[in-house]
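Report on the following structure.
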Amino acid sequence: MPVHTTPQGWILETAHTAYAFGINAAGHLVHRYWGLKLPDLQDYPAPFLSDSEISFINPPHLSREEFQAYGGLRYSEPSLKVTSSSGVRDTVLQFVRSEVAENLLTLDLQDELIGLQVRLHYRVHADTDLIERWVTVKNAGSHTFELERVFSALWHLPEEQTYRLTHLTGQWLDEFRIHKDVLSEGTKTIESRTLTTSHHHNPFFMLDRAGEGQAFEDHGDVWFGLLAWSGNWKITAEVTHAQSTRLGIGLNDWDFAWTLEPGASFETPVALAGYTREGFGGASRRLHQHIRAEVVPHKNLKRRVLYNSWEATLFDVNLEGQSQLAEVAARMGIELFVMDDGWFHGRKWDTAGLGDWWPDAEKFPDGLTPLVNKVKSLGMDFGLWVEPEMVNPDSDLYRAHPEWVYHFEGRHRNEARNQLILNLGREDVQDYLIDLLDQLLSEHDISFIKWDFNRYVSEPGWPAFAGNAKELWVRHVQGLYRVWGTLRERHPAVVWQTCSGGGGRADAGMFHLADQAWISDCTDPSARLQIQEGYSLAYPASTMEAWATDWGKDRFSLEFRFHVAMCGVLGIGGHILHWPEEDREEAARLIALYKDIRHLVHEGDLFRLRSPSQDVISGVQYVSRDQQEAVVFAFRTHHPRYSQKTWRFRLKGLNPNARYTVEGFEGARSGQAWMEDGFPLELAEFQSKVLKVTQI
Ligand code: GLA
């Protein structure tokens, strides 16, 4: 039973952990415990109420509330802030009832005075030690409410300890950099205000203790989580003056508002979190397993080796050129041929065409069918790039509907990459996109779509909206989910990729729609090793599209570039028409090797062996869930010490008592030996190796 209701409150138990909360003597729903599971349900601490009588240090402020509304004697970051049209601006929540249905717990709270109902939802994933939380707010009164903040969860850490926040930051071409900040009194905020998830931060966190109790890759306490949302989001990691550390996560309240008329409700996105004693690696593996098994649309998808035309031909696509690429791609063993930007009406460069999603008559006089047929006849599937939320002012769509983009009346409309953003909060815009893209998918044998989003917002106005235009931050994402979700329902076999100028929109919200993500426009292999490492903290390799391209070819062999890309969903993005025949043959050999090991990369457990951000030697290992086999990738990015020729790799995640062989090394040894003693691997400068590990 994952959910226990006891006189002291509720206890959510997973395979290894427990999360407890309950109602204290003042009637407040407070956090009690989050950590390793204890032997007895009576072991968990009682709901705490401070007896402080000091004017400036009040019991409510000292409480660790599960979902803290703004109001009363509370001054830390609230989870909820509501203004009633009656003039009341605070909220006083009282517990009403709870309900358990298998792994789901719901708790109803209410503010009787203003008629606000708050439902807290908890879903326990016992196998992966994860808990999902989200919140529904309902107006059960007679006044209108304005929601000013409504987070999905407030997570409390064990008290009187100092924590370190691990998070992912970056920019275009340089996403998913790992940062670690020690938290001190005050609030550390990471967020997106861009309308999309953004390259700058990702809605993901890990917390461990700072200093002595710190966690490492393979052991130590880590509390971690993410938000399943693809628009503006916010994380507030706060340390109160009473040394209580808590982390709020949810929709960004910056420029946000939501009007709740009597009878109406609002539901937040899902926040997911867990605790493990198995270090950062253990935290990542739990998230990976959850996303693979519970989130992505196609659970048992064989991820195809793809070719993407972007870096080879940019906007210069046509039947002849793409057919030539397809012929070479097919010979190398590629399974999916994706034509990127440039194929649609009026698209010669990035100055025109977005919005007009039908084939360009000059480039494709007979439409896309001849190319699709060509690709299919070569034994490959066909994929296509789109960027549905955008419009170029130079397009038929914009000429017909200049009012469909975000704008403020009378204000200049700032373009970025010569484009404006369609207001997906509008139902007519959603319907236009559904109809047009449905037609595209119905008329062609398309099995893969890359969905891009190539700018951040400006002038977030919606003059025609009768309600509060500040709702658009949420309405855009809801509209996006509706358009994409409808297309997915109508074309269930299509596999989708999320992209936003590289890794600007890779998040667990997207992974309900997309099986794969393009995580950076940077395909330089050594930079890529770090980007991939950062991405791997949160998201599984089965979602991580990675291409071997011509980028970095002066320094890195084709083999090295392939090996880096083989750590995820392999794609090829180089100009293969320009590759000498021996490169194509080598690519064919590497693709064949990849097909042999990809089940480990996509379905196995990831172990980070040596970090590319710490050293010039790095490595990752993927182990089948039954520990029968594994594959090791090792990289040397440049010369640290001329005298050193070999580096020791110690494997992880094997069955200590079973015997394994490691490719390139004589004899079988126990898993324990490969993990404790490891092996010395010879790696020349800029060399990489892939080694298969097999249980005998
Ligand atoms: C973005 C993507 C690229 C490519 C271009 C096309 O930058 O990240 O992979 O699709 O758009 O314009």
Side-chain angles (χ1 to χ4, degrees), residues 170-176 194-200 202 230 306-318 321-322 325 336-357 359-360 363 382-392 394-395 415-422 437 446 448-456 495-507 510 514 516-525 527-528 531-532 535 543-552 561 565 568-576:
Q171 54 183 315
W172 178 62
L173 291 181
D174 187 19
E175 298 89 336
F176 302 105
T194 61
L195 187 66
T196 182
T197 320
S198 110
H199 308 74
H200 304 155
N202 194 267
S230 317
L306 65 84
Y307 180 78
N308 179 291
S309 65
W310 175 243
E311 290 191 26
T313 51
L314 293 177
F315 302 95
D316 189 16
V317 299
N318 55 42
Q322 295 297 300
L325 284 169
L336 170 66
F337 183 87
V338 183
M339 178 163 62
D340 207 278
D341 200 348
W343 61 270
F344 46 96
H345 180 62
R347 188 69 161 175
K348 294 199 172 54
W349 198 248
D350 65 9
T351 49
L354 292 172
D356 300 345
W357 300 108
D360 184 72
K363 295 181 181 182
F382 182 77
L384 201 60
W385 178 95
V386 294
E387 195 182 358
E389 294 147 274
M390 299 291 168
V391 64
N392 287 113
D394 185 2
S395 66
E415 292 170 24
R417 211 195 192 207
N418 308 301
Q419 60 199 54
L420 298 166
I421 306 182
L422 287 174
L437 295 172
I446 295 172
F448 180 91
I449 292 276
K450 170 175 175 180
W451 185 308
D452 214 333
F453 186 90
N454 271 318
R455 63 160 293 183
Y456 294 150
V495 171
W496 305 80
Q497 183 213 115
T498 170
C499 173
S500 171
R505 195 159 65 186
D507 59 76
M510 272 291 111
Q516 298 175 194
W518 182 229
I519 69 160
S520 182
D521 278 342
C522 175
T523 56
D524 174 278
R528 191 81 190 191
I531 295 170
Q532 294 185 176
Y535 182 85
T543 62
M544 183 178 81
E545 220 176 273
W547 308 343
T549 70
D550 298 327
W551 204 337
R561 285 176 272 146
V569 179
L570 176 64
I572 286 80
H575 205 320
I576 50 179

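We count ligands from 1, going down the list as the structure has it; atoms in each ligand are counted the same way.
- W518 carries R528 over the face of its six-membered ring, with the cationic atom under 6.0 Å from the centre and within 45° of the normal.
- Proximity to G502 (heavy-atom distance under 4.0 Å) selects the following atoms of ligand 1: 8 (O).
- Looking at D394 and N392, their side chains never bring a donor and an acceptor atom within 3.5 Å of each other.
- Close approach of ligand 1 to N454 is summarised as follows: ligand atoms under 4.0 Å from at least one heavy atom of the residue are 1 (C), 7 (O), 11 (O).
- The proximity of N308 to ligand 1, defined as any non-hydrogen pair under 4.0 Å, does not occur for either the backbone or the side chain.
- Set against the non-hydrogen atoms of K450, the atoms of ligand 1 under 4.0 Å away are 3 (C), 4 (C), 9 (O), 10 (O).
- For ligand 1, the polar-atom distance check against D340 finds a nitrogen or oxygen pair separated by under 3.5 Å.
- The atoms of ligand 1 that sit less than 4.0 Å from any heavy atom of W518 are 8 (O), 9 (O).
- The closest side-chain donor-acceptor pair between N418 and T351, if any, does not fall under 3.5 angstrom.
- Checked by atom type, the side-chain pair T523/E311 shows a donor-acceptor distance below 3.5 Å.
- Close contacts of ligand 1 with C499, meaning ligand atoms under 4.0 Å from a residue heavy atom, involve 2 (C), 8 (O).
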Practice item. For the pair M510 and W451, evaluate side chain to side chain contact (heavy atoms under 4.5 Å, CB included) and give the outcome as yes or no after the intermediate values. Key: CA-CA 11 Å; M510 272 291 111; W451 185 308; over 6 Å; no

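- The shortest N or O to N or O distance between D521 and ligand 1 is under 3.5 Å.
- Using a 4.5 Å heavy-atom cutoff, the side chains of R505 and T196 are in contact.
- One option in V386, T523, D452 has a heavy atom closer to atom 11 (O) of ligand 1 than any other, and that option is D452.
- For the ligand labelled ligand 1, residue R417 lies inside the 4.0 Å heavy-atom shell.
- Remark: the D521 side chain and the W172 side chain contain an N/O donor-acceptor pair separated by less than 3.5 Å.
- Every atom of ligand 1 is numbered from 1 in the order shown, and the set under 4.0 Å from a heavy atom of D341 is 6 (C), 12 (O).
- Here D350 has no heavy atoms under 4.0 Å from ligand 1, in either its backbone or its side chain.
- Looking at heavy atoms from C-beta onward, F337 lies in side-chain contact with Q322 at the 4.5 angstrom threshold.
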